K.L.:
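Structure below; questions to follow.
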Amino acid sequence: MLKTHACGELRLEHAGQEVTLAGWVHRRRDHGALIFIDLRDREGIVQVVVDAENAPEAHAVADRARAEYVLQVHGRVRARPEGFRNPNLPTGDVEVVAHKVTILNPSKTPPFYIYDDTPVDESLRLKYRYLDLRRQRMQRNLILRHHVVNEIRQYLNAHKFLEIETPLLIKSTPEGARDFVVPSRLHPGKFYALPQSPQQLKQLLMVAGFERYYQIARCLRDEDLRADRQPEFTQLDLEMSFVEQEDILNIIEGLYIHLVEKLLPHKRIKFRPFPRLTYEEAMSRYGSDKPDLRFGMELVDLTDVVAESKFRVFAQTVSQGGQVKGILVPGAANYSRKELEQLESHVKPYGAKGLLWMAFREEGIRSPAAKHLTPGEVQAIRERVQAQTGDLLLIVADQPDVVAAALGNLRLVMGDRLGLRDPNELAFAWVVEFPLLEWDEEEARWVAVHHPFTSPIPEDWALADTDPGKMRAQAYDSVLNGWEVGGGSIRIHRSEEQAKMFELLGITQEQAQAQFGHILEAFQYGAPPHGGIALGIDRLVAIFADETSIREVMAFPKTTSAQDLMLGAPSPISEEQLRELHLAIVLDE
RNA sequence: GGGCCCGUGGUGUAGUUGGUUAACAUACCGGCCUGUCAAGCCGGAGAUCGCGGGUUCAAGUCCCGUCGGGCCCGCCA
């Protein structure tokens, strides 16, 4: 080894020891005959002192060193004199007096600062990702990620799970996200698909009798990107046999608690046990199937209160089967007209035609709707939302899905604005009883809300022929601070039920055979009852690391246009490669 | 497919209603300096304002297009 100690590990107890260090020049302070170098490695930073009088050769080398040079330093650890200690540095009680300094490798001046985390244009960070990763923020995040994955393995191994790998080159299926596809050289005109998740394979592992499986699995989906969505991402994928929904939720709840207790002592779990909301409840109370439960400000239904109102906005909405709902923002009654108008921009993208407000001020109630409402209606609204003087009511009147999306989003914006979303609070929750199916207007057929292997709640099979939209799934989402961090279900394990499901989805027997024949057949050989879940590791770690984008917890993420700015991917391939793969490029006009 | 925001020395920013040599901090280079830890002091070099076109006597500033980055809608079983 080129080093005997890590820079960051040196403490008073090492005083007097001869050490060899190796690392990067973090900062350098040149006093002429005396040079201080903050030497950095993975474990941290320690101050190296090079003195021209006692170590002239070392001093000459240190004089040439610049930021990010790679140095090896031989020296003696010394307790810093009283008054020269640095309380801001874990190693600040000591320093290393160098007697020999070697430049292992020089460095060009980096394109941005390594030594602090001040913001830098993200495209530049991504182009020089290997330098960005040297910075404290990314080091901290990727180290945390390692520990999270490690603790997941520890926990699941202790609970008798087996880690089993599944292939990346699999078969394209029509349901779900757009597949990434890999051309086959040996089979002209045929393609593999990269997995959107190992869903079918893990179910087949259950048929195979492994009973408890997990995998830290890479998943790939060719869809547009977001702060919380990358074309490739990592899931903790897990499946269990002979279980019911309750068993899965309990295992995962235990896993989350394990992770937080082991790794996040500064964070608090808000609710234990985790609350469970039905999908319907989540949508009506929070306008979201992934509610942030760190704060209240719930949606309040005013539809019945204003049903008889002469106010056109309300009357029209109600007569068209719409809803009138609001959120009460405490202490916001003094918002200016301009501020209130700006809030509209948070509901418009979701299709809301406008945002009504009602401010309960000292001097009375202010609202653009006031002159259209009777005093009795205003009073009834006030009572329904239990407004105090100083509160602001924000109202959306529209179709239920628009009201939910608009107010659900506005609630988060107001929660942020009032500082109600404490990053040190973890509000884990379960959302259960998702609908099984949802009507797709474009395709004019029912599609699976979760996926086509999800089992309905048994008694809801009765609705299959009469009202499939009402069927509830044995599906559950894991929700944390307003993010969906996981989802799973109890699966169908009987081939006749699976066939029935395909029928509901408008998939013919021939199609089902062609696309899912392997799983239908497998289910005829004693498939055990089973179910599972997948957790988004990137999202989970992002929340744990107080980041708002999963790019900050991935080593080499892609831009929102799905490019890798460091590698320059995607890129063209050679004529030769195309020929081998039997491919021809046809560009759009 | 659509909406919004951003692009000025290496980096981060400023740049009024369009008006002379584009400012500041930091980094970089040189000099001085033995106790700094955001070291300090002195000096220097460095941007034609993402790119293209247009309006104008005059464009970093206004308009159109385009490229790149970000946020969102659609999409994401």
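Because the structure is a prediction, the values reported are computed rather than measured. Numbers restart at 1 for each chain; the letters A, B, ... are given by sequence-line order, proteins then strands.
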K.L.:
Give me the distances for all protein-to-nucleotides 66-69 of chain B N/O pairs that come in under 3.5 Å?
P.N.:
from: B:G69; atom 1: OP1; to: A:T559; atom 2: OG1; distance (Å): 3.2
from: B:G69; atom 1: OP1; to: A:S561; atom 2: OG; distance (Å): 3.4
from: B:G69; atom 1: OP2; to: A:S561; atom 2: OG; distance (Å): 3.2

K.L.:
Answer with base, sugar-phosphate or nothing: what part of the nucleic acid does A:E95 contact at a heavy-atom distance below 4.0 Å?
P.N.:
base
K.L.:
Nearest whole Å is fine: how far is B:C76 P from A:H451 NE2?
P.N.:
15 Å
K.L.:
A:V25 and A:A65: which non-hydrogen atoms are nearest, and at how many Å?
P.N.:
CG2-CB, 4.3 Å
K.L.:
Given B:U11, B:C72, B:G35, identify the nucleotide with an atom nearest to the side chain of A:Y350.
P.N.:
B:C72
K.L.:
I want to know whether A:F516 and A:F453 have ring centres closer than 6.0 Å.
P.N.:
yes
K.L.:
Taking atom P in both B:G12 and B:C28, what distance in whole Å separates the two?
P.N.:
16 Å
K.L.:
Rounding to an integer number of angstrom, what distance separates B:C76 and B:U16 when you compare their P atoms?
P.N.:
45 Å
K.L.:
Measure the CD-CE distance between A:Q230 and A:M554 for me, rounded to the nearest 0.5 Å.
P.N.:
5.0 Å
K.L.:
What is the distance from CG of A:L39 to C1' of B:U36, rounded to the nearest Å?
P.N.:
16 Å
K.L.:
Working note: A:E68 + A:R40, criterion salt bridge (charged side-chain N to carboxylate O under 4.0 Å, His left out); need CA distance, chi angles, decisive distance, verdict.
P.N.:
CA-CA 9 Å; A:E68 300 305 310; A:R40 181 191 76 238; 2.9 Å; yes
K.L.:
Looking only at heavy atoms, what is the nearest atom pair of A:R229 and A:I550, with distance?
P.N.:
N-CD1, 3.8 Å
K.L.:
Pick the C1' atom in B:C32 and in B:G69, then give their distance to the nearest Å.
P.N.:
43 Å
K.L.:
In whole angstrom, give the distance that lies between atom CZ of A:F112 and atom C1' of B:G9.
P.N.:
18 Å
K.L.:
Whole angstrom is fine here: how far is it from CG in A:D38 over to C1' in B:G35?
P.N.:
13 Å
K.L.:
Contacts to RNA chain B from residues 213-239 of chain A, heavy-atom cutoff under 4.0 Å, which residues?
P.N.:
A:R221, A:E223, A:D224, A:R226, A:A227, A:R229
K.L.:
In whole angstrom, give me the gap between the C1' atoms of B:U48 and B:G35.
P.N.:
45 Å
K.L.:
Which residues within residues 42-57 of chain A lie with some heavy atom under 4.0 Å of an atom in RNA chain B?
P.N.:
A:Q47, A:D51, A:E53
K.L.:
Among residues at least two apart in sequence or on other chains, which ones pass ring-ring contact (aromatic ring centres under 6.0 Å, His included) with A:H346?
P.N.:
none
K.L.:
Would you mind reading off the distance between A:I550 atom CD1 and B:G70 atom C1', rounded to a whole angstrom?
P.N.:
15 Å
K.L.:
How is A:V447 classified with respect to the nucleic acid when contacts are heavy atoms under 4.0 Å: base, sugar-phosphate, or nothing?
P.N.:
nothing
K.L.:
With both distances under 3.5 angstrom, what nucleotide forms a Watson-Crick or G-U wobble pair with B:C76?
P.N.:
none
K.L.:
Using Watson-Crick or G-U wobble geometry with both distances below 3.5 Å, tell me the partner of B:A25, or none.
P.N.:
B:U11
K.L.:
For A:R551, which contact category applies under a 4.0 Å heavy-atom criterion: base, sugar-phosphate, or nothing?
P.N.:
sugar-phosphate
K.L.:
Restricting to pairs with a member in residues 112-136 of chain A, which pass ring-ring contact (aromatic ring centres under 6.0 Å, His included), not counting sequence neighbours?
P.N.:
A:Y113-A:Y115
K.L.:
If the C1' atom of B:G74 is compared with that of B:A38, how far apart are they to the nearest Å?
P.N.:
47 Å
K.L.:
If only side-chain N and O atoms of A:R29 are considered, is one of them under 4.0 Å from the OP1 or OP2 phosphate oxygen of B:A39?
P.N.:
yes
K.L.:
Any donor-acceptor pair under 3.5 Å joining the side chain of A:R80 to the base of B:U36?
P.N.:
yes
K.L.:
Could you check which residues of residues 83-90 of chain A get a heavy atom under 4.0 Å from RNA chain B? Sort them by number, please.
P.N.:
A:F84, A:R85, A:N86
K.L.:
Using the test ring-ring contact (aromatic ring centres under 6.0 Å, His included), find all partners of A:F180 that sit at least two apart in sequence or belong to another chain.
P.N.:
none
K.L.:
Quick one: list whatever passes side chain to side chain donor-acceptor pair (under 3.5 Å) with A:S123, sequence neighbours left out.
P.N.:
A:D121
K.L.:
Which of these passes side chain to side chain contact (heavy atoms under 4.5 Å, CB included) with A:L21: A:D41, A:V96, A:V77, A:V101?
P.N.:
A:V96
K.L.:
Any Lys/Arg nitrogen of A:E122 or A:K558 sitting under 4.0 Å from an Asp/Glu carboxylate oxygen of the other?
P.N.:
no
K.L.:
What distance, rounded to whole Å, do you find between the two C1' atoms, one in B:A47 and one in B:G15?
P.N.:
14 Å
K.L.:
With salt bridge (charged side-chain N to carboxylate O under 4.0 Å, His left out) as the criterion, how do A:E57 and A:K100 come out once you've worked through the C-alpha distance, each side chain's angles and the decisive distance to 0.1 Å?
P.N.:
CA-CA 7 Å; A:E57 283 174 30; A:K100 187 176 179 201; over 6 Å; no
K.L.:
For A:D30, report the nucleic acid contact type (base, sugar-phosphate, nothing); a contact means any heavy atom under 4.0 Å.
P.N.:
base
K.L.:
Here's a test for you: under side-chain hydrogen bond (donor to acceptor under 3.5 Å, both in side chains), which of A:Q203, A:E497, A:E239, A:Q498 qualifies with A:R491?
P.N.:
A:E239
K.L.:
Between protein and nucleotides 24-29 of chain B, what N or O pairs are separated by less than 3.5 Å?
P.N.:
from: B:U26; atom 1: O2'; to: A:Y113; atom 2: OH; distance (Å): 2.8
from: B:U26; atom 1: O2; to: A:Y113; atom 2: OH; distance (Å): 3.0
from: B:C29; atom 1: OP1; to: A:R66; atom 2: NE; distance (Å): 3.1

K.L.:
Output the rounded distance in Å from CG (A:D117) to P (B:A38).
P.N.:
15 Å
K.L.:
In the structure shown, which nucleotide is the Watson-Crick or G-U wobble counterpart of B:C32, with both distances under 3.5 Å?
P.N.:
B:G40
K.L.:
Could you run through nucleotides 2-7 of chain B and give me one letter per nucleotide, 5' to 3': B if any protein heavy atom sits under 4.0 Å from the base, S if only the sugar-phosphate is that close, - if neither?
P.N.:
------
K.L.:
Atom CG of A:D132 to atom P of B:G12: distance rounded to whole Å?
P.N.:
12 Å
K.L.:
When rounded to the nearest Å, what value does the distance between P atoms of B:A59 and B:G19 take?
P.N.:
11 Å
K.L.:
Given salt bridge (charged side-chain N to carboxylate O under 4.0 Å, His left out), test A:R221 with A:E223 step by step and report yes or no.
P.N.:
CA-CA 6 Å; A:R221 297 178 188 177; A:E223 298 290 350; over 6 Å; no
K.L.:
What closest approach, in Å, do A:I457 and A:E433 show between heavy atoms, and which atom pair accounts for it?
P.N.:
CD1-CG, 3.9 Å
K.L.:
Atom pairs under 3.5 Å, N or O on each side, protein against nucleotides 41-50 of chain B: can you list them with distances?
P.N.:
none

K.L.:
Rounded to whole Å, how long is the line connecting atom CD1 of A:I37 with atom C1' of B:G35?
P.N.:
15 Å
K.L.:
Name the nucleic acid region contacted by A:R135, choosing base, sugar-phosphate or nothing; use a 4.0 angstrom heavy-atom cut-off, strictly under.
P.N.:
nothing
K.L.:
Taking salt bridge (Lys or Arg N to Asp or Glu O under 4.0 Å) as the definition, give me every residue that meets it alongside A:R140, ordered by chain and number, with sequence neighbours left out.
P.N.:
none
K.L.:
Could you work out the separation of B:G3 and B:C57 based on their C1' atoms and round it to a whole Å?
P.N.:
38 Å
K.L.:
Examine A:H493 together with A:F523 and report whether their ring centres are nearer than 6.0 Å.
P.N.:
no
K.L.:
Could you tell me which non-hydrogen atom of A:L520 sits nearest to which non-hydrogen atom of A:A499, and how far apart they are?
P.N.:
CD2-N, 4.1 Å
